[in-house]
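Have a look at the structure below before the remarks.
Sequence lines set the chain letters: A, B, ... in the order given, protein chains first and strands last, and positions in each chain run from 1. Worth knowing before you read on, the calculation uses all heavy atoms, side chains too, and leaves out hydrogens, waters and symmetry mates.
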Amino acid sequence: MVFLQSLLSGVLVGGTYALVGIGLTLIFGVMRVINFAHGDLLMIGMYLTFYLFTLSGIDPFLSIVIVIPLMFAFGAFLQRTFIHRVLNALPQNQILLTIGLGLIMSNTVMLVFTSDYKILSTSYSSGSVQLAGLSVSEPLLVSFVITAAITGALYWFLIKTDMGQAIRATAQDREAAQLMGVNVRRMGVIAFGLGAALAGTAGALISPTYYIFPQVGGAFTLKAFVVVVLGGMGSIIGATVGGVIIGAVESLSASYVSSGLKDLFVYVLFLLVLLLKPSGLLGKSRM
Amino acid sequence: MAGPILEIRNVSKFFGGLAANADVSFSMEEGMIMGLIGPNGAGKTTLFNCITGFYPPSRGDVLFRGQRINGLTPDRVCKLGMARTWQKVRPLAKMTVLDNVMVGALARTNSLSVAAELAMQQLRQVRMDHRADHLAGGLPIGERKRLEVARVLATQPQLLLLDEVMGGLNATESEEIIQLILDIKKRRITQMVIEHDMKAIMRISDRIVVLNSGEKLAEGLPGEIVSNKEVVTAYLGEAFE
Amino acid sequence: MKPLSSQPSSLLDIRKLSFSYDDLRVLRDVDLDVREGEIVTVVGANGAGKSTVLRNVSRLARPGAGSMTFQGKDLTPLEPHQVVALGIVQVPESRRIFPEMTVLENLRMGSYAPSVRKDRARNTERVFGLFPRLKERERQLGGTMSGGEQQMLAIARGLMANPKLLLLDEPSLGLSPLFVKVIFDIIAEINRQGTSILLVEQNVFQSLRIAHRAYVLETGRVVLTGSGKELLGNEHVKKAYLGI
Amino acid sequence: MRLPLARGFALAPLLALGTGVVALVAFPLAVTNPYALHVMILLFLTVIQGESWNVLGGYTGQYSVGHAAYFGLGAYVTLMLLQFRQVPPWWGVWIAILLAVAVAIVIGSITFRLRGPYFVLASIAVAEIFRLIALNWTGFTNGAEGILLNEIPPLRIGGRTITDFVSKVPFYYAGLALAATTIAVNWGVQHSKLGYYFQAIREDQDAAHSLGISLPVYKNIALAISAFFTAWSGAFYGLYVGFIDPGTVLPVEVSVQFVLICIIGGIGTIAGPMVGALVLVPLSEALRANLLSDLLFKIGIVSEDTPTGAFLKDNLAHAHALIYGILVVLVILFMPDGVLGFAKKLFSGRRRQTPALPEVSSEKGSA
């Protein structure tokens, strides 16, 4: 019972991790750049949601309608202004650039909103529903449903639309995509925009259940790496599965070992995958 | 003379399901130049990688002076006395020409001054000593190719594997390389040479192995290869039957 | 040699194209043109600069010096995707199909350019007619197919964009001799159906066999030009490419 | 960077070096202001950190973003031995260093199989594992509470008290000596077979491998040297500040700072980390002391009485991380070879660097 209970909540949380991971893997796939500022994008999504709620009373789950376009625009801006200049640079320089951008984001937020922890409490923040004998946190359930819907929509976009195919084509062979008439620079902007929007959405979705503070992003950046490496760099399905696995591992080790050590398990798992199967648990897949 | 210096026995290399090398066998006598030819994608560079330790062969054995060396790492293979150049030159770009060659020389000595002396010797041999203080990354292609030869020579190999050292060079530069290869032969260093320039390869090789689709298509003296029907077909098509 | 009358139907016109990669001069003053309805081939040894000509036309390689026009329009300021929109489509060396897409998806990417999307269904039928084998494998992932099938797919994918000029880079690379002949027959057939072709090849005989005109490139320069038949009988061609 | 051989020394730089050393040794005699000493000690610490990372990241090209692990290990082991076991630090530090080197070799043997971004990710994960252990193994490390040092026992040799560690002066000299040592080690590396092999690995791992260089052996040597001095700097930091917790010696930010010092100055050179320290330390101190907002007020860009002015005065003091971020972005975009490389290019007025390779290849050969 404890097992099922914690597995379930782990999977629900894992949905959000998947969203963060998908964004990261999309950016990596199209640009071969690892975005170390990914968690900070999530953090900005959290702050957006928090202020939309406290200033305008917009429900956090509704706020994604505003967060998604805003974060997409922000991501596209980052790509056009910064990332696109280092596409041919050494990988370490790309990494440092995104680390720098992350520092700027988190510290600007800290300057403006202080480093105080903020809590977004809604009427349902601590509510729960019974599901087949298991109790499920209400905000977690709602966010999981939204996550699933967004992920589904993204799959549809990538498989069915011409632009989605062009994004996948760019990821699989940048030069060949150009020969098909794909404007790969534009695909980069779209990919980074989408990645930022997904991270921001994840931030919005977890804001009712997490503390909100400027440095919250770091932990999510790391977690996103774990998710992505687990599923195979550049694989979107991999990131989805990876997110759910990480959520479950975390939740199970929290209930059976110690909640303080749950991250430790995640990182050890991460190292093991890196060393034993660097191509990810799933290997190559279509997306 | 004791046995062949290099013996390749039924070497195969698979990538996924694809055979880059299939059952390749031949052997080389000390001091000879072996030409390795074949169309693009025939598996020549893969074979180099299997011999020098960059890939373990999927099947078969590589014997150097009778010792089985498959499974050894490239640095061990180098220490045994085998050195290779790269089809796409790999200068240590932010180091000087002299330092590049010294890295090779340091395989045989721990002393920087000894290494520097050895390196200068090799640079003189390839007529690059005037460039000693230049950054390797800034050299024109012809000099980068010669630098690469000097660098591997500095490891004092008994067997040298040259992967398209004339690729992308003009006629004068190619001629210089040919002379260099013949000089190296005079020093009793055995060489295996991958080359696309047929005239050059026919001139310098003692024997030639032809690879096609990963398999050994033919082996023999240059004259035999030129008149080999299968080889002609692989290169020009059936018109010349 | 044929006199090069400048016919109004000249499609691609390259004048004095030079290109350096790193410090290596890959192309020096190359003049080359393709007229409407022709198969023109560029032959030469590995490293002679053949692929670089195509990459310059596609604008994947830049910057180079010299002029390139297509139906009178200057190509040099364009991005690769804009070149495709003009009707110049390159089938790249070593196929470069999208390995994690199905045959159908690869073909769909071939008709990505907005102007040709409406013809997608018709073009798919057309390429399945040329390559029945692809129809049998339409759901298979590109990366899992054999080299020959991948080459078929790469050509088919290129045709999906209604090219006026098809650029083919070493289509025979790594294929078995039997398959090479099949591929070249299909290239000739595509040309008969009205597509002009610029073909770059190491397989001298096969490409000269089907070409209307040919250029021989050595260390970045055009050293010989003439009709395919003329060059096929040329002693230098035989000597240079087999050392006979 | 060009590697000069020991082809004789010019006299002028040698003289300048001598003068510099004398000035640095004499500094505490002339200046007694504790804040000035404090800034100097921070400078030394930063130089030590940068030069330590430089051996691995700069010469060998292995971008570790996990040096907090060795820094934290050095700090924790030294302070735990001192505080919980009463082991004096001049013994404890050796235990800490040896432990860090041993750990480094284990970690290196595992993670050096990875290349490029995968190695970077693994190095971060390793450091995070150490942080989480320190945070959660409360009985052993005091967890999040950290370790507050009571006092450092006076150093006595043969009954004579050398120092009692009361003022900043002993830390000044310890820092100076340590900084000088790491600089000397970098010099030594650069002028030995190791340096040649490290740089060959950085420039091209496969080429290096084919030239007889064992990649795991030499990468591990570079890491061991780097971890040795990193742990030392951690111990020095812990003893000097007198308080450590997982949030100050083990977070990712500390790892990033190691890289930053080098990247700002110019990696793979001896002077790079020194330049980096000279940029970073004064900058963050200026921010901390509110010099920047004062400057803005003086110039008249913002008035101190406006809400914006008050906001800046309150907050800019905490903005050093923001400035770090801006610096990194500027350096990567506009001077990827660091301040030194940039200056060199500026003065030499010519571009010897080959431009970044475009995404083209010349004719491809056989596979």
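Of the atoms belonging to B/S113, not a single heavy atom falls under 4.5 Å from chain D. Contacts of B/A20 with chain D are absent, with no heavy-atom separation under 4.5 Å from either backbone or side chain. Residue contact with chain D, scored on non-hydrogen atoms closer than 4.5 Å, is absent for B/R108.
Near-neighbour residues of residues 271-280 of chain D relative to chain B, defined by a heavy atom under 4.5 Å from a heavy atom of that chain, are none.
Checking B/L80, B/T190, B/I189, B/I5 one by one against B/Q158, the side chain to side chain contact (heavy atoms under 4.5 Å, CB included) holds for a single residue, B/I5. Of the residues D/F258, D/W53, D/F119, the one that meets the ring pair (Phe, Tyr, Trp, His ring centres under 6.0 Å) test with D/Y63 is D/W53.
Between the side chain of B/Q191 and the backbone N or O of B/I181 there is at least one donor-acceptor pair closer than 3.5 Å.
Expressed to the nearest 0.5 Å, how far CD of B/Q125 lies from CZ of B/R187 amounts to 4.0 Å.
Each of B/N100, B/L211, B/L92 has some count of heavy-atom pairs under 4.5 Å with chain D, and the biggest count is that of B/L92. The choice from B/N110, B/T52, B/T73, B/T155 that makes the most heavy-atom pairs within less than 4.5 Å of chain D is B/N110.
Taking 4.0 Å as the cut-off between side-chain N and carboxylate O, D/D206 and D/R115 count as a salt-bridged pair.
Using the six-membered ring where Trp is involved, D/W232 and D/F228 have ring planes that are perpendicular, over 60° apart on the 30 and 60° scheme.
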* Can you check salt bridge (charged side-chain N to carboxylate O under 4.0 Å, His left out) on B/E148 and B/K145, steps first, answer last? -> CA-CA 5 Å; B/E148 191 139 298; B/K145 294 264 182 187; over 6 Å; no
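By the 6.0 Å and 45° rule, B/K44 does not stack over the aromatic ring of B/F48.
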